[in-house]
There are 2 protein chains.
Amino acid sequence: MSVSPAAPSSTGNEDLVGRRVLLVDDDPTVAEVASSYLRASGFVVEEASDGFAALQAADRLAPDLIVLDRMLPGIDGLEVFRRLRERMSTPVILLTALGSEDDRIAGLEAGADDYLAKPFSPRELVLRVQSVLRRSIGEFTPESVLEYGEFRLDPSARVATRGGVELPLTLREFDLFEFLLKHPNQVFSREDLLRTVWGWTHGDLSTVTVHVRRLREKIELDPRAPTMLTTVWGVGYRFTMGGAADAVV
Amino acid sequence: MSVSPAAPSSTGNEDLVGRRVLLVDDDPTVAEVASSYLRASGFVVEEASDGFAALQAADRLAPDLIVLDRMLPGIDGLEVFRRLRERMSTPVILLTALGSEDDRIAGLEAGADDYLAKPFSPRELVLRVQSVLRRSIGEFTPESVLEYGEFRLDPSARVATRGGVELPLTLREFDLFEFLLKHPNQVFSREDLLRTVWGWTHGDLSTVTVHVRRLREKIELDPRAPTMLTTVWGVGYRFTMGGAADAVV
DNA sequence: GGGCATCCGTCCGTGTTCCGTAAGACTTGA
DNA sequence: TCAAGTCTTACGGAACACGGACGGATGCCC
């Protein structure tokens, strides 16, 4: 199984890191793929393969969100859903068989917060989970603006400036820059970045290399001799300002 | 008017506890689920299953807000809505059936304070009820007029002008513009807009694309090279004016 | 009541932007 | 000097945004 590219993991999702997700599906393959994607996006995932296990796990874990297959061995998914609702108000995303539009309607009317038709792309699932969680947290509350030296980065407007001049960053470049700006003076391996910024579990590391280079092209005065977004040989990259923070090598 | 952002995380929802909500829907399942969610959020809920009962209950209860299904047995939902408006200014959230295509309610929806397309997530309904109520509290003035640059937008009269000249905006265009004016310098995905402005939880995103284009046609000097309603590639749209980030409205 | 204009949602063709990958040149550290 | 790691460049394809147009539905006017 290879990780598909292009997860628009716009990093306004850092508040979501560490949130607990309970994944209920009886198909081991689906469960494994889905949970690995969710984990890659920073969620803590617990799995359950039938209705009883789901209810128990829900009590024990008190998850922030539940992904629930509508078709389950033993108790039906909808029934599990009702019982869940009786004791907690945790948001639920329902996985429904394709085609059966009635399922979806029934699901939403029963109180699901979202639904996803099987077969679904894991990436889509991650997006939905993030979307539902973000909504339940509080929507459209503008994120605070990052200021660092002459750089200014507004995540809500997705505008980055240096000395008041706007930097024409692309989506990936912006996400990458935002992450680095939030964690200055800290070294990240390419794998770290690929996981946190891209949301991939594994993949071609050169992707990171190239994007770092492109970002340097836009934020460094002399991209050939970077002073802020520097390379730590054999380890990764680090964003620093003020120049003197790199004494230790 | 359409929608405003939901629930600030610092939930100033304490003021809303105990507010009376009249829920009008003939589908017992929908009514039950919705009302249980509303009650769980601290509202006092009364239900009515047809138009007459709704009007009577409205008189008797003097609710703070009414959730009204457009499709009702007996009197049509819209008719109920008109009669309600004749005697009281209670805010109304309209539930519309999206599935049945014959439901283009464009005309009178304009008077509703918010609308939500079925099927919807109950959580979404709660968010909207809170949002509308919070807005209506302390706002005895009909509705504040939005001014932004040379634009002036009167939600009550549904009139938009640029430099004193009226802009012939359609219903959707007005709603869209209003939402963007209320949240300047912030990027919204097509999905965000579809959910908040249209009240759809799911739908064709190209709908948003097209309406943005039509709106640009009317507010931009050069619609081909938009300067205010700009596209953020891979993310969504943003309304900005002149460089000044005076986000206070 | 019929015809007309308006508005809305959808679809399709087209051009553009951006991203991921590969391959070769270069640099670093031993 | 050598090998591993890093940088640079280029390219193909995919995702995306846009314009144009169409059909259906509604409201209005005659």
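Keep in mind that what you see is a predicted model, and the values were worked out from it rather than measured. Quick note on labels: first sequence line is chain A, next is B, and so on, each numbered from 1.
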Comparing Leu169(A) and Leu205(A) on DNA chain C - which has the more 5′ nearest nucleotide: Leu169(A)
For Arg152(B), salt bridge (charged side-chain N to carboxylate O under 4.0 Å, His left out) partners two or more places apart: Glu147(B)
Those residues that, when tested against Glu150(B), pass side-chain contact (heavy atoms from CB on, under 4.5 Å) (two or more places apart): Arg162(B)
Counterpart residues, ring pair (Phe, Tyr, Trp, His ring centres under 6.0 Å), relative to Tyr237(B) (two or more places apart): none
OP1 or OP2 of dC7(D) under 4.0 Å from side-chain N/O of Arg190(A): yes
Residues that Arg224(B) engages under side chain to side chain donor-acceptor pair (under 3.5 Å), provided they are two or more places apart: none
Between P of dC18(C) and CG of Asp175(A), the distance in whole Å: 14 Å
Listed pairs, N/O of protein and of nucleotides 14-16 of chain C, under 3.5 Å:
none

dC19(C) OP1/OP2 closer than 4.0 Å to side-chain N/O of Trp198(A): no
Whether Phe151(A) and Phe177(A) hold their rings parallel, tilted or perpendicular, with breakpoints at 30° and 60°: perpendicular
side-chain contact (heavy atoms from CB on, under 4.5 Å) involving Glu166(B) - partner list, sequence neighbours excluded: Val159(B), Thr161(B)
Single hit among Thr96(B), Asp69(B), Asp27(B) for side-chain hydrogen bond (donor to acceptor under 3.5 Å, both in side chains) with Lys118(B): Asp69(B)
Parallel, tilted or perpendicular, as decided by the 30° and 60° cut-offs, for the rings of Trp198(B) and Trp200(B): perpendicular
Test side-chain contact (heavy atoms from CB on, under 4.5 Å) applied to Val235(B) - qualifying residues, sequence neighbours left out: Arg158(A), Leu171(A), Val187(B), Val232(B)
Nucleotide dA17(D), atom P - distance to CG of Leu193(B) in whole Å: 12 Å
Atom-pair distance (CZ on Arg172(B); P on dC7(C)), nearest Å: 13 Å
Results of salt bridge (charged side-chain N to carboxylate O under 4.0 Å, His left out) for Asp204(A) - residues two or more places apart only: none
Residue-level proximity of residues 207-218 of chain B to DNA chain C when a heavy atom falls under 4.0 Å: Thr207(B), Val210(B), His211(B), Arg214(B)
Estimated bend of the helix from dG1(C)-dC30(D) to dA30(C)-dT1(D) (axis per five terminal pairs, rounded to 10 degrees): 30°
Arg190(A): salt bridge (charged side-chain N to carboxylate O under 4.0 Å, His left out) partners, not counting sequence neighbours: none
Nearest-Å distance for atom pair CD/C1', residues Glu173(A) and dG20(C): 13 Å
Phosphate OP1/OP2 of dT6(C) contacted by Thr170(B) side-chain N/O (<4.0 Å): no
Rounded distance in Å - OH (Tyr237(A)) to C1' (dT28(C)): 14 Å
Atom-to-atom span, CZ of Phe177(B) to P of dC7(C) - whole angstrom: 17 Å
Side chain of Arg224(B) (C-beta onward), nearest among dG9(C), dG19(D), dT21(C): dG19(D)
Asp76(B): partners by salt bridge (charged side-chain N to carboxylate O under 4.0 Å, His left out), with sequence neighbours left out: Arg70(B)
Thr231(B) side chain near dC18(D) phosphate (N/O to OP1/OP2, under 4.0 Å): yes
